[in-house]
Novice: 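What follows is a structure written as structure tokens; I'll ask about it next.
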Number of protein chains: 2
Amino acid sequence: MAYDKAISALADPTRRSLFEKIAERPNNVASLAQQFPVSRPAISQHLKVLQEAQLVKVQIAGTRRIYEIDHVGLEAIKSYLDGFWNDALGAFAAEIHKQNREH
Amino acid sequence: MAYDKAISALADPTRRSLFEKIAERPNNVASLAQQFPVSRPAISQHLKVLQEAQLVKVQIAGTRRIYEIDHVGLEAIKSYLDGFWNDALGAFAAEIHKQNREH
DNA sequence: CCTTATCGTAAGCCATAACTTACCGTAAGT
DNA sequence: ACTTACGGTAAGTTATGGCTTACGATAAGG
């Protein structure tokens, strides 16, 4: 549904890399931040974007926040892309049809 | 393979919309440009990005260039996303395993 | 040839977004 | 209560990228 947010969320390299880290292993913010050359607030901002895109979700554990994958965002992109195979083939068939009519 | 270029190519709204138009129907540059509120050179630049991401390919017809869908880029994104289901599940299982060991 | 149509590229401008430092709130430990 | 750990948010800076105008290159048509 919100495939646009999910796609632009994964467009940024460090944010995509962050998402991959979370996919490998759910983790908290500080622990994720020290795996990147950017500051912790930068990671927080990236996580906010990923969360709004429904690519990750949080699980609160005391003062820590464990981020883990949310499959909703991934599914949104996937179904968006799947829509193209049908559409593309349909449009291509229609185009052949049209060219035949225009002989 | 080059999923990163494909993803960031589809991140821009007008470029994604342009890609959708081409998916509906292969078309030349000028004809595509007049369907958008931006200038023709802007469309050319978008097409260049889409082409480098292997989302579209060109077919030269005289002085015109017919742009049509290239499925390589779509396939690249799709397989990148598919890689996550396995990885995510594997990582999740590994996490459970780890927590058990840490009892 | 000369003109016209079509399109790519270069240079520059401007808006957005990624990053930094600084600050604040909250939860847990002593 | 005080301190410490953890992390979100605000404000400001900088870099990236999308847009425009101007120009050049090529193919078709008369």
Side-chain angles (χ1 to χ4, degrees), chain A residues 2-22 25-70 73 77 102, chain B residues 2-22 25-70 73 77 102:
Chain A
Y3 61 88
D4 55 335
K5 284 189 180 180
I7 292 179
S8 47
L10 291 181
D12 180 67
T14 65
R15 193 161 48 219
R16 185 172 57 244
S17 176
L18 177 62
F19 175 71
E20 292 168 3
K21 293 277 191 211
I22 296 174
R25 185 187 195 283
N27 217 340
N28 62 326
V29 180
S31 183
L32 285 167
Q34 69 185 16
Q35 305 181 49
F36 288 89
V38 299
S39 69
R40 185 193 51 77
I43 298 295
S44 270
Q45 291 162 11
H46 281 309
L47 288 171
K48 186 179 183 181
V49 175
L50 288 173
Q51 194 176 355
E52 286 172 354
Q54 291 185 289
L55 285 167
V56 301
K57 49 187 174 187
V58 200
Q59 202 165 354
I60 298 178
T63 165
R64 299 188 181 180
R65 287 161 174 261
I66 311 297
Y67 281 87
E68 61 185 14
I69 267 203
D70 186 354
I77 304 180
E102 286 172 351
Chain B
Y3 61 88
D4 55 336
K5 285 189 179 180
I7 292 178
S8 48
L10 291 182
D12 180 67
T14 66
R15 193 159 49 218
R16 184 172 57 245
S17 175
L18 177 62
F19 176 71
E20 291 168 2
K21 293 276 191 212
I22 296 173
R25 184 185 195 282
N27 216 341
N28 63 326
V29 180
S31 183
L32 286 166
Q34 70 185 17
Q35 304 181 50
F36 288 88
V38 299
S39 69
R40 185 194 50 75
I43 299 295
S44 271
Q45 292 163 8
H46 281 310
L47 289 170
K48 186 179 183 181
V49 175
L50 288 173
Q51 193 177 355
E52 286 172 352
Q54 290 185 289
L55 285 166
V56 301
K57 48 188 174 184
V58 200
Q59 203 165 352
I60 298 177
T63 164
R64 297 188 183 181
R65 289 163 173 260
I66 310 298
Y67 281 87
E68 62 185 14
I69 266 203
D70 186 354
I77 303 180
E102 287 171 351

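These numbers were taken from a predicted model, which means no experiment stands behind them. Order of the sequence lines fixes the chain letters, A, B, ..., with proteins taken first and strands second; residue numbering starts at 1 for each chain.
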Novice: Expressed in angstrom and rounded to an integer, what is the separation of K48(B) atom NZ from dG18(D) atom C1'?
Specialist: 14 Å

Novice: Output the rounded distance in Å from CD (Q51(A)) to P (dG7(D)).
Specialist: 13 Å

Novice: Please state how far atom CG in L50(A) lies from atom P in dA18(C), giving the value in whole angstrom units.
Specialist: 10 Å

Novice: Indicate whether OP1 or OP2 belonging to dA17(C) is found under 4.0 Å from a side-chain N or O atom of H46(A).
Specialist: no

Novice: Students often get this wrong, so: under 4.0 angstrom with heavy atoms, is A42(B) touching a base, only sugar-phosphate, or nothing?
Specialist: base

Novice: For dC7(C), take OP1 and OP2 only and decide whether either is under 4.0 Å from a side-chain N or O of R65(B).
Specialist: no

Novice: Would you indicate which nucleotide in dT21(D), dG7(D), dT9(D) comes nearest to any side-chain atom of A30(A)?
Specialist: dG7(D)

Novice: Take the protein atom CG of L47(A) and the nucleotide atom P of dG8(D), then report the distance between them rounded to whole Å.
Specialist: 7 Å

Novice: Would you classify R15(A) as touching base, sugar-phosphate or nothing, given that sugar-phosphate means primed atoms plus P, OP1 and OP2, and contacts are heavy atoms under 4.0 Å?
Specialist: sugar-phosphate

Novice: Please report the interatomic distance CG(N28(A)) to CZ(R65(A)), rounded to the nearest 0.5 Å.
Specialist: 11.5 Å

Novice: Please check this pair: side chain of S8(B) against backbone of D4(B), looking for a donor-acceptor N/O pair closer than 3.5 Å.
Specialist: yes

Novice: If I take atom CG in residue L32(B) and atom P in nucleotide dT6(C), what distance separates them, rounded to the nearest angstrom?
Specialist: 13 Å

Novice: Is any side-chain N or O of N28(A) closer than 4.0 Å to OP1 or OP2 of dC6(D)?
Specialist: no

Novice: What integer distance in Å separates F36(B):CZ from dG18(D):C1'?
Specialist: 14 Å

Novice: Would you kindly compare Q45(A) and G62(A) by the position of their nearest DNA chain C nucleotide and give the one closer to the 5′ end?
Specialist: Q45(A)

Novice: Which atoms form the tightest heavy-atom contact between A9(B) and V49(B), and what is the distance?
Specialist: CB-CG1, 4.0 Å

Novice: Say you draw a straight line from CZ of R16(B) to OH of Y3(A); how long is it, rounded to the nearest 0.5 Å?
Specialist: 5.5 Å

Novice: Between R64(B) and dT6(C), is there a contact of a side-chain N or O with OP1 or OP2 at under 4.0 Å?
Specialist: yes

Novice: Taking any heavy-atom pair under 4.0 Å as a contact, classify Y67(B): base, sugar-phosphate, or nothing.
Specialist: sugar-phosphate

Novice: Taking the side chain of V38(A) as its heavy atoms from C-beta onward, which of dC19(D), dC7(C), dC19(C) lies nearest to it?
Specialist: dC19(C)

Novice: Which whole-number value in Å describes the distance from R40(A) CZ to dA10(D) C1'?
Specialist: 13 Å

Novice: Does T14(B) put a side-chain nitrogen or oxygen below 4.0 Å from OP1 or OP2 of dC19(D)?
Specialist: yes

Novice: Using every non-hydrogen atom in the two residues, find where L47(A) and V56(A) come nearest and quote the distance to one decimal.
Specialist: O-CG2, 4.1 Å

Novice: Closest-nucleotide mapping onto DNA chain C: is S31(B) or P41(A) further toward the 5' terminus? I mean the 5' end.
Specialist: S31(B)

Novice: Give the nucleotide from the list dA22(C), dC7(C), dA27(C) with an atom nearest to the side chain of T63(A).
Specialist: dA27(C)

Novice: How far does CG of L55(B) sit from CD1 of I7(B), to the nearest 0.5 angstrom?
Specialist: 10.0 Å

Novice: Measure CG/L18(B) against P/dC7(C) and give the value in whole Å, please.
Specialist: 13 Å

Novice: So if I take every side-chain heavy atom of S39(A) and compare against dG7(D), dT21(C), dG18(D), which nucleotide ends up nearest?
Specialist: dT21(C)

